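Read through the structure below, which is laid out as structure tokens, and then see the notes.
Below, read A as the first sequence line, B as the second, and so on, with proteins coming before strands; counting in each chain starts at 1. Because the structure is predicted, anything quoted here is derived from the model rather than measured. Side chains included, hydrogens not; waters and symmetry mates left out as well; all remaining heavy atoms used.
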Amino acid sequence: NAGVTQTPKFRVLKTGQSMTLLCAQDMNHEYMYWYRQDPGMGLRLIHYSVGEGTTAKGEVPDGYNVSRLKKQNFLLGLESAAPSQTSVYFCASNRRDGETQYFGPGTRLLVL
Amino acid sequence: EDQVTQSPEALRLQEGESSSLNCSYTVSGLRGLFWYRQDPGKGPEFLFTLYSAGEEKEKERLKATLTKKESFLHITAPKPEDSATYLCAVQAMDNFNKFYFGSGTKLNVKP
């Protein structure tokens, strides 16, 4: 099993550009999450999904959109990137009832 | 407001010098407290889950304990390979889908 994978590993964007980050898991997990990690601030929840076709807002959802069309995939979109979105983005997944989360390796995003 | 605070922010130890990391939390009702290890450039890796005060979990040189207000990660006779950032997260009873993370303790163990 690959676990949780993320694509791409690193990306540089110019202000105003758009992009989509892909998260895939092969553990048949119901729940999936997108976090951002910034120095000194810990992981902050952007959006999450409790099942295929469902999404919900987390702590810092502004400027991001998500979709969960397939159970194994969770996409994070930036419609118009801003320098404040420079961060490391982590995807995580777990089974029902809030069991331990399994994290992907992260995507480093730099917005110039 | 649910909150997690970890201390110290950074800790430097000599190999073999035991110490403890602290995670204090404020949550309406605790469902679970999680410890993760994060190496540079990688995602967090699960270590322990604790559910109730008094509970303890051990793995090699690490031991996690839980009280009603805080958790400790004790590191006994650490080795250089224990160097990493250790993250604490809590999960509240009223929303299983949200995990609140602390900013972590960066541990450096010198040989």
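The environment of A/Y102 atom OH is sparse: at most 12 non-hydrogen atoms of other residues, nucleotides or ligands sit within 6.0 angstrom. By the 6.0 Å contact criterion, CD on B/E17 is enclosed, its count of non-hydrogen atoms from other residues, nucleotides or ligands being greater than 12. Counting non-hydrogen atoms of neighbouring residues, nucleotides and ligands closer than 6.0 angstrom, the CZ atom of B/R12 reaches no more than 12 such neighbours. More than 12 heavy atoms of other residues, nucleotides or ligands shown are found within 6.0 angstrom of CD on B/E15.
The stretch residues 103-112 of chain A places A/F103, A/G104, A/P105, A/R108 near chain B, each with some heavy atom under 4.5 Å from a heavy atom of that chain. The contact list for residues 49-64 of chain A toward chain B, using heavy atoms and a distance under 4.5 Å, reads A/V50, A/K57 by residue number. Chain A is approached within less than 4.5 Å, heavy atom to heavy atom, by B/F101, B/G102, B/S103 from residues 101-111 of chain B, ordered by number.
Only the side chain of B/Q38 comes within contact range of chain A, with heavy atoms under 4.5 Å apart. For A/L43, the parts sitting under 4.5 Å from any heavy atom of chain B are the backbone and the side chain alike.
By the criterion of side-chain heavy atoms lying less than 4.5 angstrom apart, applied directly or through intervening Ile, Leu, Val, Met, Phe, Trp or Tyr residues, B/L62 is grouped together with B/L13 in one hydrophobic cluster. Put simply, A/Y31 and B/Y36 are part of the same group of oily side chains (I, L, V, M, F, W, Y) that touch within less than 4.5 Å, one to the next. A single hydrophobic cluster is not seen to contain both A/V4 and A/F74; linkage of ILVMFWY side chains at heavy-atom distances under 4.5 Å, directly or through other members, places them apart. Hydrophobic clustering places B/V4 together with B/F48 (ILVMFWY residues linked when any side-chain heavy atoms are closer than 4.5 Å, directly or through intermediates). Hydrophobic clustering of Ile, Leu, Val, Met, Phe, Trp and Tyr side chains at less than 4.5 Å, counting indirect connections, unites B/L73 with B/L11.
Of all the listed residues (A/R44, A/Q101, A/M41), the one sharing the greatest number of non-hydrogen pairs under 4.5 Å with chain B is A/Q101.
Under the 4.5 Å side-chain criterion, counting only non-hydrogen atoms from C-beta, A/N94 is in contact with B/F99.
Residues forming a salt bridge (charged side-chain N to carboxylate O under 4.0 Å, His left out) with B/K63 (at least two apart in sequence, or on another chain): B/E56.
What you find for A/Y48 and B/K98 is that their closest heavy atoms are CE2-CE, 4.0 Å.
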